[in-house]
Every structure is written in structure tokens, then in C-alpha cells.
Amino acid sequence: MKKSIYAVGALALATCSAAALAQSNVTFYGVMDMGISQDRGGIAGTSTRATSGMATQSRWGFRGNEDLGGGMSAFFVIEGGIHADTGVSTQNSTLFGRTSIVGLGTKYGAVSAGLQDTPLFTTLNTIVDPLRNGIARSNNLMSSTGFRAGNSVLYRTPVIDGFSADAMYVAGEVAGDQRANRALGGSFGYSRGPLNVRLAYHNKNNDTATLKGTGSARNTLLGANYDFGPAKAWFGYGVDRGLNSSPLNSSIINFDGPAPVASTDSRDVLLGVTVPCGLSTVVATYINKNDRTVRNQDAQQYALAYMYAFSKRTDIYTSYAVIRNHNGGGYTEGNSEEPGIGNRQFTVGLRHRF
């Protein structure tokens, strides 16, 4: 009799365990990207380096979800960047400095909290820039208040007839001042068939516990892309206003002439085209930075890239990009992991996704 009870109990426990395992899953994933980059045009001279993450920042992470029933699920993502050339963590040597979130998904949308990309940065990466902010890094000139936000809560709507939206709140966490260091943002767009269009906004308060009355950095970005079949066209238009709305991508002054100053009022335009041909892909982009302050430190970036895919997960790439600065502008030619030290950069690399 006791043996029968034990057998039934063991069977029930095994059944419950199997059900729990069937309702949840965890995936380990990542990218390793290594190559050679050569920077020219800086006052220190030419620099040739073995560089990590030029096309896609090297990274590793875990993501998972659990079915809670009734159309509800829990999910998490933790992701850290890696300097593959040295093994050191990126994002100021943090373990999971790219993403660290937990959230709930329902038929009414999804809510996530933690460290995550802002809606504006997601729009730049997925709608505006065909190189996804990698080689010939677009946020050299297509500036934004912040790419990722810690202490943030993000809500995403479900897709309804091609339309979707999201909204983010970032707690400033300054005692006695609810507005200091606070950020608000969101985006709204349409995606169906060959067309993708999205409008994003981000507002970041510059005040701190000791510094007051600085105002806010305000970034608006309209993006679109359209797949014609033989080629895909990309477009972005950004408006940057306020302190820290358009920070210089490099803190090092690399060029002769007047010292570069970060713009507090600028307009950005990106034009791009992607041409696939079998296992090969050619990408060309042009970015214009129009500084509307009295310094008029404009810049233009021209970039050409080529990728060849050995498989869906492994490819090689090469690129050449140049920035033309005006009136003492100090924008440098960089990639996904490095801001660069000159106004011209050549790359060749190998990228493997796992």
C-alpha cells in the first residue's frame, strides 16, 4: 500500500515538474565580432588596432519566459557587452550593462522594468540606420539624450493593424526633487509589408542634487524605411534641442582649429540604401549634421560597407567612412564599440552570432 502511495506521489511530482519545464524556457545567446580598424586624420596620426565589436558590439546574455496562463507570461533579459580583444566588460566594466530587465506580457501589451534601450534609440537602430549603429556609427552625428536608461519602466502596446506604440518613464531618484535627472520618452509607428515608419521622442532633465535650472535635453526622431525588392531605402530626420541633446561622440579633441563644442540646437538627416545580392550585401549611408548655434559646427558623414554571409550566423565585412567637419567641429569616425580618433576609418572584420 505504501509503495503504491509513493509511486503515485512520485508520478505526480514528475508530472508537475514536466509541466513547469514545458511552460518556461531560457536561451543563452550572443555575438562575437572581431577585426582590424585603421583611423586616419587625427592630430596624433594613423592608428591601426585589433578591435572588438565594430559592426555589432560583442555581447552575451540570457533571456527567458514563463507561461503564466490566461494569456499572461513573465520574461527577463540580462545582457552584457564584451571587449572581445581583451575580455573586459563594456559599459564601464559592468556585468550586464546592456540590458537587465524583468517584465510581464499580456494581450494588452508588455511592461518591463530595469536597464533597457530607450524608444528613441530603438527607432534609430531598427528603422533609421541600416548599419544598426555599428560600423560608420550613426549616433556619431544622429545624437540622442540617452541610448539606454536604468531605473526605467517601459510599456509596449500590442500591434493593431500594423500600428504600435511604447512609453518610457525613467526615475531620477534625486531625493526632494522628483524632476531632477528624470526622463520621459516614447514612440509611435506603423509597420506592414515593405513599409516601416516611426516617430520617437525623449526628454531628459539635466538637473542633479546640486545643479539646478539646467533645463532638459529634448530629442525627436522621425524614421522610415521601404523595401523595394532589389534595394531597401532608409531615412531619418532628427531634432536636438537643449543642453546634452547632442553630445560629442569623443571627449578627445582630435583636429586642429577651434575647440569643438557640443551643439544645443541641431538638425540631423540620414539617407541610406541596402542592396542585397545573393550572399553579399552592400550598404551606403549619408548623414548631415546641421548645427544651428552661432558656432555653426556642421558635419557630414559618408559611409560604404560590404558584408558576405557564410551562413545565417557568420559573416565577414569591410567598410570605409569619412566625416567632414566644419568650423572646428570635432566629430570622429567610430564604430559600435569605439568613438575613433580621426575623421576617416577603414574596417575589416568577422562576426559570429550564437
Report yes or no: do Tyr302 and Tyr331 belong to one cluster of Ile/Leu/Val/Met/Phe/Trp/Tyr joined by side chain heavy-atom distances under 4.5 Å? no
Asn181 and Lys204, any side-chain heavy atoms less than 4.5 Å apart: yes
List the steps, then state whether ring-ring contact (aromatic ring centres under 6.0 Å, His included) holds for Tyr226 with Phe235. CA-CA 9 Å; Tyr226 191 90; Phe235 168 79; over 10 Å; no
Is any side-chain heavy atom of Ile36 less than 4.5 Å from a side-chain heavy atom of Thr48? yes
Would you kindly confirm whether Ile287 and Met54 end up in one hydrophobic cluster when ILVMFWY residues are joined by side chain heavy atoms under 4.5 Å apart? no
Aromatic rings Phe163 and Phe188: how do their planes relate, parallel, tilted or perpendicular, breaks at 30° and 60°? parallel
Would you say Tyr108 has more than 12 foreign heavy atoms packed within less than 6.0 Å of its OH? no
Does one hydrophobic cluster hold both Val275 and Phe228, with members joined at side-chain heavy-atom distances below 4.5 Å? no
Could you check whether any side-chain N or O of Arg198 sits under 3.5 Å from a backbone N or O of Tyr190, counting only pairs where one atom can act as donor and the other as acceptor? no
With no hydrogens and no angle check, is any side-chain donor or acceptor of Thr126 less than 3.5 Å from a backbone partner on Thr122? yes
Taking Asp129 for the side chain and Asn133 for the main chain, is one N or O donor matched with an acceptor at less than 3.5 Å? yes
Would the number of heavy atoms belonging to other residues, nucleotides or ligands and lying under 6.0 Å from CZ of Arg241 be above 12? no
